[in-house]
Amino acid sequence: MKTIYLKELKMTRKLLMIWIVLIVMLTGFAAIEFVVLKDAMGEIAKMAEGFPKIILILFGLNGIRIETPLGAYQCMVYWTNLLAFFYAGFTGVFAVSREEKSGTSEFLFTKPYKRSAIIWAKIGAAVTNLGVFSLNMGIMSYLCIILPLGDTSIAGIHIITTAGIFLTQLVLFTTGLFISSLTPDYKTASLFTMLTVAVFYLVHFALDYAGITNFLNVLTPVGYFNVVSISVNGLDPFYVLLSLGIILTGCSQAAGLYEKRDLRPL
C-alpha cells in the first residue's frame, strides 16, 4: 500500500503543481491589485452600495464592506475557493477513473494487492495533495492578501478559514470519487462532478440571496465555512462533524463500489 501511495503522489505531482501555480498567480495578482487600489477602497465600497445584491454575492462582496481588511479578504477567498473546490472535485474523479481512461486499470488491479488497498492508497495520496494545496493556498493568501492589507489581526481568522476550506475540499473530493464510482466512464464522471460543484454554488447563491441561514445550508458544502460566520463563531462544530461524516461515508461507499466494479480500459 505504501508503494502505491508513493507512486500515486509521483504520478499526480505535475497536476498539483499546475493548480498551485494558478493559486500563486491569482494571489499575486490580488497583492498587486490591493497595493494599487488601497487608497481607493472607500470609493469602491461606496460604488458597491449601489450594486444589486446578486452582484455582491457573485463577487464575494456580500456581508462585509470591502474597504475593511476582513471584507477585502472575504472577496479574495471567494476567488481562491473557486480554484480550490473545482480542483477538489476533479481530484476525486481523477483518483481512480483515470486508470480506465489511460488503459492501465487491468494492469494495476492485477498486482498482488487487494483492490481495496489500492483504492485507499489512492484516496490517501489525493488527501495528501489536497492538504499540500490548502497549505500553499494558505501561505500565499497570507503573503499576498493579508500582508498587503496591512492588518495581521485577521491572521487567526485566515488560519481557521483555510482549515474550513480544506474540509470542504475533502467533501467535494469525496463527491467526485463517489460519482466516478457510479458512472460508466471518466468523461461522464468529470461532467457530472463539475456540474454538481456548480449546482452547489447555485444553491449557495440562492440561499445567500434569500438570506436563509437555517438548516437548508446543509445542501451546499461550499457554504459550510464562510469568512463571515468564521469571524464571528469560528468553525461550526455541526458542519465539521457533518463534513467528516460525508467524507468517511462517501469514501467507504465509493471504495466498496470500486471493489465490485468491472474495471476495464476505455
Point to revise | Trace of the side chain to side chain contact (heavy atoms under 4.5 Å, CB included) decision for Y142 with L147 | key: CA-CA 6 Å; Y142 180 80; L147 289 184; 3.7 Å; yes

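- Going from atom OG1 of T161 over to atom CG of N226 covers 8.5 Å, rounded to the nearest 0.5 Å.
- Atom CD1 of I18 sits about 10.0 Å away from atom OH of Y87, to the nearest 0.5 Å.
- In terms of hydrophobic clustering, with Ile, Leu, Val, Met, Phe, Trp and Tyr side chains grouped at heavy-atom distances under 4.5 Å, V21 and L83 are assigned to different clusters.
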Review point. Under the side chain to side chain contact (heavy atoms under 4.5 Å, CB included) criterion, do L22 and W19 qualify, and how do the steps go?
Key: CA-CA 5 Å; L22 291 176; W19 284 88; 4.3 Å; yes

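- For H158 and Y73, the side-chain atoms include at least one donor-acceptor pair closer than 3.5 Å.
- Here the CG atom belonging to L191 is positioned 10.0 Å from the CD1 atom belonging to I179, to the nearest 0.5 angstrom.
- Rounding to the nearest 0.5 Å gives a distance of 13.0 Å between CD1 of I145 and CH2 of W79.
- The hydrophobic cluster containing F85 does not contain M25, counting ILVMFWY residues as joined when their side-chain heavy atoms lie under 4.5 angstrom apart, directly or transitively.
- Summarising the local packing, OH of Y78 is surrounded by more than 12 heavy atoms from other residues, nucleotides or ligands at distances under 6.0 Å.
- No hydrogens or angles considered: a donor-acceptor pair under 3.5 Å links the side chains of Y5 and T128.
- By the criterion of side-chain heavy atoms lying less than 4.5 angstrom apart, applied directly or through intervening Ile, Leu, Val, Met, Phe, Trp or Tyr residues, L244 is grouped together with L130 in one hydrophobic cluster.
- At a threshold of 4.5 Å between non-hydrogen side-chain atoms, the residues F173 and I123 count as touching.
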**Study point:** Residues S134, Q169; criterion side chain to side chain contact (heavy atoms under 4.5 Å, CB included); working and verdict
**Key:** CA-CA 9 Å; S134 293; Q169 281 189 293; 2.4 Å; yes

Practice item. Would you check, one step at a time, whether the test side chain to side chain contact (heavy atoms under 4.5 Å, CB included) holds for L70 with Q74? Key: CA-CA 6 Å; L70 191 61; Q74 176 189 244; 5.8 Å; no

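- Proximity of a side-chain donor or acceptor of T27 to a complementary backbone N or O of V24 within less than 3.5 Å is detected.
- Cluster membership check: F29 does not share its hydrophobic cluster with L82, using side-chain heavy-atom separations under 4.5 Å among Ile, Leu, Val, Met, Phe, Trp and Tyr.
- In this structure, the side chain of D208 does not engage the main chain of H204 through any donor-acceptor pair within 3.5 Å.
- In this structure a side-chain-to-backbone donor-acceptor pair under 3.5 Å is missing from S141 to G138.
- T91 places none of its side-chain heavy atoms less than 4.5 Å from the side chain of F133.
- Looking only at side-chain heavy atoms (C-beta outward), I165 and M137 come within less than 4.5 Å of each other.
- Residues T168 and V222 approach most closely at CG2-CA, 4.1 Å, considering heavy atoms.
- The side-chain heavy atoms of M194 and F90, taken from C-beta on, include a pair separated by under 4.5 Å.
- Atom CG in L172 sits 9.5 Å away from atom OG1 in T196 (nearest 0.5 Å).
- Both V77 and V228 belong to a single network of hydrophobic side chains, linked directly or stepwise wherever heavy atoms of I, L, V, M, F, W or Y lie under 4.5 Å apart.
- Taking a 6.0 Å sphere around CZ of F192, one finds it holds 12 or fewer heavy atoms contributed by other residues, nucleotides or ligands.
- Side-chain atoms of L177 and V93, non-hydrogen and from C-beta on, never get closer than 4.5 Å to each other.
- No side-chain heavy atom of S229 sits less than 4.5 Å from a side-chain heavy atom of Y224.
- Looking at heavy atoms from C-beta onward, V171 lies in side-chain contact with I247 at the 4.5 angstrom threshold.
- You'll find the side chain of Y201 reaches within 4.5 Å of the side chain of F86, heavy atoms only.
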